[in-house]
Amino acid sequence: LYLSREKYSLAADAFSKANTLKPNNTQYLLNFAQSLFFQHKQNLSDKAKRLIKSVLNKEPNNPFAHNLIAANAYLHQDYQTAISEWESMLKLMPANSPDGQQLLQAIAAAQKALLTHQKVSK
């Protein structure tokens, strides 16, 4: 509820407490990381990165964890990381699925941004 109402600090506190009550629940860990991501103005803090790493240690193909990494990378102009993360997620999607199509669009946008960024840097 706090996440949906953009009360990120309260959401982070709630998911931190939930994690204390039920340690290592991947959904709580990811929601905690997402809360921190938004609380820190769409930037993965060290704490959020540790939470995501914890999830990926247990569930290496967790799409939500990979998407948080990709979104953070894209927003910080690390387009290659975003592309790599989204491509790894795409391999897990059924062919022609709506989610797969969204990933293809995100990859295309990141590739275009990467090319533009490379041209500007030269």
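- No continuous path of ILVMFWY side-chain contacts below 4.5 Å connects Leu56 to Leu103, so the two sit in separate hydrophobic clusters.
- Closest non-hydrogen pair, His117 versus Gln77, comes out as CE1-OE1, 3.6 Å.
- Scanning for ring-ring contact (aromatic ring centres under 6.0 Å, His included) contacts around Phe38 gives Tyr8, with sequence neighbours left out.
- In terms of heavy atoms, Phe32 sits closest to Leu51 at CD2-CD1, 3.5 Å.
- Nearest heavy-atom pair across Leu75 and Phe37 is CD1-CZ, 3.8 Å.
- Applying the side chain to side chain contact (heavy atoms under 4.5 Å, CB included) rule to Ser45 yields the partners Leu36, His40, Lys47, Ala48; only residues at least two apart in sequence or on another chain are considered.
- Contact detail for Ala110 and Tyr74: the closest heavy-atom pair is CA-CE1, 3.7 Å.
- Hydrophobic cluster membership differs between Ile83 and Leu92, with clusters built from Ile, Leu, Val, Met, Phe, Trp and Tyr side chains linked at under 4.5 angstrom.
- For Gln101, the side chain to side chain contact (heavy atoms under 4.5 Å, CB included) test picks out Asn96, Leu104, with sequence neighbours left out.
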Taking distance alone, no hydrogens or angles, what donor-acceptor pairs closer than 3.5 Å link side-chain atoms of residues 60-70 to residues at least two apart or in another chain?
residue : atom : partner : partner atom : Å
Asn62   : OD1  : Phe64   : N            : 3.0
Asn62   : OD1  : Ala65   : N            : 3.0
Asn62   : ND2  : Glu59   : OE1          : 2.8
His66   : ND1  : Glu85   : OE1          : 2.4
His66   : NE2  : Pro60   : O            : 2.7
Asn67   : OD1  : Trp86   : NE1          : 2.8

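- Ser16 contributes no side-chain N or O that, together with a main-chain N or O of Ala12, makes up a donor-acceptor pair within less than 3.5 Å.
- Gln39 contributes atom CD, which lies 10.5 Å from atom CG of Leu3 (distance to the nearest 0.5 angstrom).
- In the displayed structure, Lys58 atom NZ is contacted under 6.0 Å by more than 12 heavy atoms of other residues, nucleotides or ligands.
- Between the side chain of Ser35 and the main chain of Asn31, a donor-acceptor pair closer than 3.5 Å is present.
- Take Leu10 and apply the side chain to side chain contact (heavy atoms under 4.5 Å, CB included) test, not counting sequence neighbours, and it matches Tyr2, Lys7.
- Among residues two or more places apart in sequence or in another chain, the side chain to side chain contact (heavy atoms under 4.5 Å, CB included) test is passed with Ala73 by Asp78, Thr81, Ala82.
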